[in-house]
Each structure stands twice: as C-alpha cells, then as structure tokens.
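A note on names: the letters A, B, ... follow the listed sequences, proteins ahead of strands, and every chain is numbered from 1.
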Number of protein chains: 2
Amino acid sequence: MSLTATTTKALRSDARRNREQLVASARELIAREGPGVSVEEITQHAGLGMGTLYRHFATKDELIDAVLEDAFAELVELARQAAAEEDAWTGLTTFLEQALARHVANRGLKDVLASREHGRRRAEAMRTRIRPFLRGLIERAQAQGTLRSDFTSEDLPLLFWTAGRVIETTATVAPDYWRRYLGLLLDGLRADAATALPQPPLTRAQLARAAGRHES
Amino acid sequence: MSLTATTTKALRSDARRNREQLVASARELIAREGPGVSVEEITQHAGLGMGTLYRHFATKDELIDAVLEDAFAELVELARQAAAEEDAWTGLTTFLEQALARHVANRGLKDVLASREHGRRRAEAMRTRIRPFLRGLIERAQAQGTLRSDFTSEDLPLLFWTAGRVIETTATVAPDYWRRYLGLLLDGLRADAATALPQPPLTRAQLARAAGRHES
DNA sequence: CGATAAACGGAGTGGACACTCCGCTTTATG
DNA sequence: CATAAAGCGGAGTGTCCACTCCGTTTATCG
C-alpha cells in the first residue's frame, strides 16, 4: 500500500527511473515537435526500448496525457489567478494571453487541446477545473459592462480552436502574430462593439459531441 | 493538334470516359469526406482500377487539384461579384459568407485551402486571381470608413484559417455555428470597434512561408 | 550469493496507404 | 478484320507507425 494518490504498486528502482526518463524525453520532444513524434523517437531519446515504454503506458495517448500533466496544472493555476482579478475583462484577456503563450511554447499542449483525441483523462479533468473560473469571469465582465452580453462560456472553445490554428500556421514564421489575431477578436468581444449575432452558441451537448471529429 | 487549352493529346474514347468518371467520383467523395479519402475508395467508387487513375494523374494531389477546378472558379466569380458592390463592407462580408458556405458544402475545398499541401497549381492560380478583387474591397471599405484602417489584405488568410477550423470542428454538430464566429469577428473588424493592435500583419514573404507547415 | 520475480530490448506484426508493374483487354486504323 | 498501340486492372512494393512477444538481464531479499 502506498501513500501516493495514484495507487502506484511500488515500482522497482530501475523501473521508476526509466519511467521518469521516458516522461522527460517525451515531454521535451512533444513540446517541440508535437504529439506526432513516433514512439520510437521517444524511446531512443530516452535510451530505452519500446517494451519499457509499453510496460508503463498502455498506449501512446496515455503517455501524452501523463506528459502534459504539469502543463494542465499550470493552466488551472492561471485560471485561478485570473479569476481573482478585480476587473474581469482584464482577468479574462490576461488568461487568454497567457494560456495561448503556453500553446506557442508547447506544441503538444496546443494539439491535444485542439483535437481532444489524445490524452483524454487528465485533459478532461483540467477542463472541468478551469470551467468555473472562466464562467465566473464571463459573468462578472458582463455585469461590469465590458464583455458583450451575448457571449457565453460555450463560446470559449472557439477562441482556442481558432487561435490554435493561427499559432500552428504562423509560429515558425512570425511567433507573435497570434497576438494580432487575439487583438482583432477581442475588439469583437467588447460590449460596445456588439452587433446582433446570427446564430446561438453551441449547447453543452453539441460542444461535447464536437469533440470526436477531426482528420486530415 | 487539339483546340483545348490544356494540350490534350487526343485520348481514346474509353480513356476520356474513364477520366471523367474518375473526376466525378473523386469530386463526390472529396466534397463529402475530404481529401483524406484513399485512392482505392475513389477508384472503387468509379468502378475502375488504380492503374487507370495513375495513367491520368501523376499523383493523388494532382487529381485533387483537378477535382477542385470548378470550386476554385466559383470562388473567383464570387470575388468578382463582390468587388462590384457599391458598399465595400457589404461586398467584403458577403464574399466571406458565401466563400465559407462553400467550405461547409465542400470539405475538400476547405482542407486544401487550409493546408496549401494538396493540389497547389490551380489553387495558387485562384488565389492570384482573387487577390486584386479583395485588395480593392479592403481599400474601398477603409476609404468608406467601415473597415478598420489597420486591417490589411495580408490579414485575410487569417479569416479563412480560423473559420475553417470552426467549420471542421462544428460542421457535423451545428452546421451554421460558423456564422456566429464570423459575426463576432466582423464586429472586431468594424472601424468603430478598433483598438490598437499589438502586432503588425504578416509580410507577403512570411505569408508565403507560412504555407508548408501543418501536420497532426 | 543465489533464486526469483520484475523489468527490459528490439525485432517482429499488422494495418494503412500511396504508388508501380506488367500481363491482359480494348480501341482505332488500313 | 487483323494488328499495333493505347489503355486497363489489381496484386504487389515500399514506407510509416503503433503496438506485441519473448528470450535475456537486473534488482531485491533471504
């Protein structure tokens, strides 16, 4: 019986060391190259065999999920801090800025959040923990008259989907161009810019279903 | 010697028939499923063999390019009509709306324009023909005081990249949700919404280089 | 130290997919 | 209608990957 939350079954010392080495290598490669790196590259970089990887992680996705644990925790912390801001508009926009800056620095993070394909468990837990903070910010910003009143928290993924696309397209050529996009978009989110929108937001159910799709 | 522009070497009758059948099948499948459909599916749907496909098209990308020829022509026509609009803001926004509606109806079109990977030749030609129309619209809309003055034609791809993402994520679940996104974005493009942007637009060279990247 | 269970390495498997090769079939022509 | 050239079909090839299997190595404990 162990004290750690994840019921670790007391790994042999070499096994623990190797597991850590694997996660470290994967973290580095996935942040730089994205989740597309082959498992072979990861094991080679770690100086270990494939068998070792699959002893510790049932699938590549599980490894990715584990690798991003820290990045997810950091996003939750950013949301927590943002929610503490007096001015909700400032809180919301700084959260967006900081979260997207993390996306630029960590390709794996961006791709996983964009696709919902990889590493589902921890990613989903993170979403659940962040949601109330952002929902609160949105409500407060609307009450303070800074955020347009027809924007809902179900529209938030939109910002990450689209900014993610801008980042992946321009990161290597103009790594800060996404800030221009965010500026444009934020100008459309201000209460005083608002014009009636032609479509309702997604429902929570639609948002959940929008997950699976992707390809190409 | 033939009269058609593309120097067709007088195909045998069955060959021409098969080529057309191939393009027709590919058009249908690519519009519905995207350029990810396998060449095998295409040839099977056409009732022909792989050899036949590769007799007519050197690569899959060349087939895709050929298949989208009509869709490209339609976009050029839309741009031409939009440029004739008296009110440039209306022209610009209707062009965006109509072009994006085509993206929803034709997954292949969307994916090719988003990635710049597939079918380069005709796609590039189309871009070249559309550019002056949109550039003119932007200038006129700015002169008419409707479009924010710091928006440039190099920012246009941004709209298609991001709207493309919205479409691919939500099309199966809420096929019109992209209109909500466009509404939000357009509110940020209005002259009276403008706030100073933190980053310059891409240069033409950066835009060209942004092409190659993608993956995952 | 020696026995034993745990862990390891990496060649091998399977599946996907674009593309090729060549023996056979069909069209065009005199 | 015969013959040659054009065209066709589809099994086969090469490549890329995630993932598995099992003979070998290593930590641990009495």
- Can you check each nucleotide of nucleotides 13-30 of chain D against protein heavy atoms at under 4.0 Å and return B for base, S for sugar-phosphate only, - for none, in 5' to 3' order? -----SBB-----BSS--
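Of the side-chain N and O atoms in B:His56, none sit less than 4.0 angstrom from OP1 or OP2 of D:dG7. Applying the 4.0 Å criterion to OP1 and OP2 of D:dC8, one finds that B:Asn18 has a side-chain N or O inside that range.
Counting non-hydrogen atoms under 4.0 angstrom, B:Leu53 reaches nothing in the nucleic acid.
With respect to A:Arg17 and A:Glu20, no salt bridge is recorded, no charged nitrogen being found less than 4.0 Å from a carboxylate O. Residues B:Arg165 and A:Glu168 are paired through a salt bridge, judged by an N-O separation under 4.0 Å between the basic side chain and the carboxylate. For the pair B:Asp176 and B:Arg179, the salt-bridge criterion is met [side-chain N within less than 4.0 Å of a carboxylate O]. Using a cutoff of 4.0 Å between basic side-chain nitrogens and carboxylate oxygens, A:Arg135 and A:Glu139 are not scored as salt-bridged.
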Could you go through residues 68-77 of chain B and list every donor-acceptor pair under 3.5 Å that involves a side-chain atom there, pairing it with any protein atom two or more places apart or in another chain?
{"from": "B:Glu69", "atom 1": "OE1", "to": "B:Arg122", "atom 2": "NH1", "distance (Å)": "3.3"}
{"from": "B:Glu69", "atom 1": "OE2", "to": "B:Arg122", "atom 2": "NH1", "distance (Å)": "3.1"}
{"from": "B:Asp70", "atom 1": "OD2", "to": "B:Arg27", "atom 2": "NH1", "distance (Å)": "3.3"}
{"from": "B:Glu74", "atom 1": "OE2", "to": "B:Arg102", "atom 2": "NE", "distance (Å)": "3.0"}
{"from": "B:Glu74", "atom 1": "OE2", "to": "B:Arg102", "atom 2": "NH2", "distance (Å)": "3.3"}
{"from": "B:Glu77", "atom 1": "OE1", "to": "B:Arg80", "atom 2": "NE", "distance (Å)": "3.1"}
{"from": "B:Glu77", "atom 1": "OE2", "to": "B:Arg80", "atom 2": "NH2", "distance (Å)": "2.9"}
{"from": "B:Glu77", "atom 1": "OE2", "to": "B:Gln81", "atom 2": "NE2", "distance (Å)": "2.9"}

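Taking atom CD on B:Gln44 and atom P on D:dC8, their separation rounds to 17 Å, with Å as the unit. The separation between B:Glu33 atom CD and C:dA16 atom P is 16 Å, rounded to whole Å. Spacing between atom CZ of A:Arg19 and atom P of C:dC8 amounts to 11 Å, rounded to whole angstrom units. Atom CD in B:Gln21 sits about 11 Å away from atom P in D:dG9, given to the nearest Å. Look at CZ on A:Arg16: it is 12 Å from P on C:dC8, rounded to the nearest Å.
A search for ring-ring contact (aromatic ring centres under 6.0 Å, His included) contacts involving A:Phe95 returns nothing, not counting sequence neighbours.
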